[in-house]
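The model shown is predicted, which means the values in this text are computed figures rather than measured ones. The figures that follow rest on heavy atoms only: side chains count, while hydrogens, waters and symmetry mates do not.
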Amino acid sequence: MKRLTFFFLILLLFPAAAFAEILVFSGAVITGRDYEIDKKTFSFGYDESSSKVYVQNPYSNMIVPTGECRSNDIFKVCAANASYYDKNITTWVFFYKIDISVYKLTGSLETDTAISQATLLQNEPVDFSITIRNPTSFDVTGISYTEDLSPFTVIESTGCSLDGTIMSWQGSLKPNFEKKCSAKLYSGAGGSFILSGNLSYFNSYENEKISVDTASVSVLPEQLKVSRLVDSNVEVQQPFYMNMSLQNLHPSEKMRVVIAIEPPENFAILKKPYEMLLDKNSIKHIISLEHGSSYAYSLYLIGKSESKASIKQSFDYEIKGIRSILENYTFVQAAEPNPIINFTSDPPQPAIGQSFNAYARLTNPSSIYSLKGIKAKINAPSNSLIEKSFSKLGPKEDFLVSAPLSIPDDFDKASFEIDVDVEYGFEDHTRSLSESYELKINSSKEPISPIQPVAEPAAASQITNGANNSVQLGSQASTSSELQTNNAAEMQSEIPENGYSNLWKTALLGILTFGIIVASVVAVFRIRKKKKSIIPQEISSTQTKPK
């Protein structure tokens, strides 16, 4: 009876032991090559004389006779048969083809990640789930799963703990049991994202770490494209156009759009599309856009007074039951014309004790309005206040105000500050404008050369649009004559004391050289003439000699 009971227990335990093997690889391998099996590196060799297979793996090497199986603590390897495959004619190494089966003898986990749809709109909900499964006949303990689901927003989670956007679980799994976690996500900004977590556990032999099955998600950008075109220069009491275009970018879904336009109080809508309804000074309109279609409209507006406010446009659109709002603030500056001051100096970095020219060019930026009654002042430390007035500055005209200034010898700062103040009239109102400029002081020890008169630079005396004027302040005539006198004196002082004697010696040497050359030419000419006269006389005396 005892023997029968023992035999019965053996029958019960044997299937369990056989079931505890998980096949992780089955196929033909070539000796001398590496193979990745269950994320581990295996290689195989074969001894034809003994008909044995040599198995190298990260844990312990095994010798497996063909037709048999051998095991270590982690894997069981079975070699069915081996046959000749190839030979290296240089090294005479033989390669064999072996039919191999590899079983895992420890617990392991599998994961399966699922997401309800891979392409989403912004702010669209999506269902996410992960299943952790133990397919082995071993208990798997010490399981730790974590996954960061950002940049999505997680609003609820089932089966796992949730800390912000991080979902996690710790526990154990019996053989053939699984753990499922699910969450409701909301997509954020557009882009492509990959969701992947980390999983670690004890497989009854060692701790393993594996990557969780990934899920790829694409979030589309805003599906309503808004384009606008507005006149760049808008002036007070001058009408202008604002052109708008709306386009549905979605390839298959239509959308409903509610358009709301609210100009600031000082703007008035002069003309609009006939289908749009105007309520006081605002517009509201509803359109439907099929996939890929567009809608364009144009508004004609006017700024009644100066303003830096924006024209607010709101586009409340719905697609696939998901509502989004785009707000567009079109900045339109209905401005009164202000003179633009461009300040320069010559030289750009004057030195202490040096005189220099200051230039303030006033420009009227308006295309239609004139500025009147203009008074310009240039004020600098230790210099007299420079003032100039002129009656009018037309559209797009400019005017140059220039002044000779100097930096005192006792000036002790690193920069020299100059103030430019302008008063002007526009539509019976007086306006003022003040700007300050700092010139860096030239601290070099090089000699200071005198400046040219204020009116000399050509650029300073020219003004655009054929209505240009130039103003020079100070005594130009006296300054010019003084500079010319000083320049002559400086040029004469630069001639060395022995300069005139050297010049006289050079001239005398040239005259002597020229005289010698002339005398030589005359002497040569006389010698040649004399030879010619002698030769005929000798011939003549020979002919008259008595025989």
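For Leu362 against Ala376, the heavy-atom pair with the smallest separation is CD1-CB, 4.1 Å. Minimum heavy-atom separation, His429 to Arg431: CB-NH1, 2.8 Å.
Counting heavy-atom neighbours within 6.0 Å of Lys272 NZ, excluding the residue itself, gives a total above 12. Around atom NZ of Lys40, more than 12 heavy atoms belonging to other residues, nucleotides or ligands sit under 6.0 Å away. Within a 6.0 Å sphere centred on CG of Asp163, heavy atoms belonging to other residues, nucleotides or ligands number 12 at most. The local environment of CD in Glu265 is sparse, with at most 12 non-hydrogen atoms from other residues, nucleotides or ligands closer than 6.0 Å.
Counting only heavy atoms from C-beta outward, the side chains of Ile341 and Val422 approach each other to under 4.5 Å. At a threshold of 4.5 Å between non-hydrogen side-chain atoms, the residues Asn364 and Phe399 do not count as touching.
Going from atom CG of Asp112 over to atom NZ of Lys180 covers 9.0 Å, rounded to the nearest 0.5 Å. Note: Ser227 OG to Leu246 CG = 8.5 Å, rounded to the nearest 0.5 Å. Atoms CD1 and CG, from Ile261 and Asn281 in turn, are 11.0 Å apart once rounded to the nearest 0.5 Å.
Glu222 and Tyr317 share a side-chain donor-acceptor pair at under 3.5 Å. When only modelled atom types and interatomic distance are considered, Tyr295 and Asn248 share no side-chain donor-acceptor pair under 3.5 Å. Side-chain polar atoms of Glu124 and Gln117 form a donor-acceptor pair below 3.5 angstrom.
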Exercise for review: Mind running ring-ring contact (aromatic ring centres under 6.0 Å, His included) on Phe193 and Phe152 for me, showing each step along the way?
Suggested key: CA-CA 10 Å; Phe193 309 97; Phe152 292 87; 5.8 Å; yes

**Study point:** Steps toward side chain to side chain contact (heavy atoms under 4.5 Å, CB included) verdict (Ile286, Arg256)
**Key:** CA-CA 7 Å; Ile286 301 175; Arg256 178 178 178 270; 3.7 Å; yes

Practice item. Decide yes or no on side chain to side chain contact (heavy atoms under 4.5 Å, CB included) for Asp279 and Lys284, but give the supporting numbers first. Key: CA-CA 8 Å; Asp279 183 12; Lys284 189 172 184 178; over 6 Å; no

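Applying side-chain contact (heavy atoms from CB on, under 4.5 Å) to Ile418 and the options Asn379, Asn383, Ile378 leaves one that passes, Ile378.
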